[in-house]
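A short write-up of the structure that comes next.
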Amino acid sequence: MVEKAVGYGYRLFDTAYKYANEEAVGAGLRASGIPRDEVFITSKFNKEDHSVEGVQRA
């Protein structure tokens, strides 16, 4: 679906560990062939990762 979204013109992709979609979004973007500098990707940390150590671990 990510690959199709790129074809339809989407350039913003929202991911999160909790959504369990980070790997799939990455794979779809790589498969689409779109250059990395043409997309904007957001991701979120889980509540337990909201510290310097947590961010580094995540």
Side-chain angles (χ1 to χ4, degrees):
M1 292 312 300
V2 172
E3 200 171 350
K4 280 188 170 194
V6 169
Y8 289 131
Y10 284 81
R11 296 297 182 264
L12 170 64
F13 296 89
D14 184 33
T15 69
Y17 178 82
K18 189 172 184 175
Y19 300 164
N21 69 345
E22 293 171 315
E23 288 186 30
V25 170
L29 289 171
R30 284 188 295 278
S32 77
I34 191 168
R36 175 59 183 91
D37 64 350
E38 292 184 20
V39 296
F40 187 79
I41 303 167
T42 63
S43 193
K44 294 159 217 63
F45 291 104
N46 287 334
K47 185 176 181 180
E48 61 271 9
D49 293 327
H50 286 190
S51 68
V52 172
E53 297 80 19
V55 169
Q56 292 170 342
R57 181 178 56 249

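Computed from heavy atoms alone, side chains included, the values below leave out hydrogens, waters and symmetry copies.
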Apply side chain to side chain contact (heavy atoms under 4.5 Å, CB included) to Tyr19 and list each qualifying residue two or more places apart in sequence or on a separate chain.
-> Asp14, Ala16, Asn21, Lys44
All side-chain hydrogen bond (donor to acceptor under 3.5 Å, both in side chains) counterparts of Ser32, not counting sequence neighbours = none
Side chains of Arg11 and Val6: closer than 4.5 Å at any heavy-atom pair?
-> yes
Are Leu12 and Tyr8 grouped together when hydrophobic residues (ILVMFWY) are joined by side-chain heavy atoms under 4.5 angstrom apart?
-> no
The complete set of salt bridge (charged side-chain N to carboxylate O under 4.0 Å, His left out) pairs with one or both residues in residues 19-42, sequence neighbours excluded, reads none
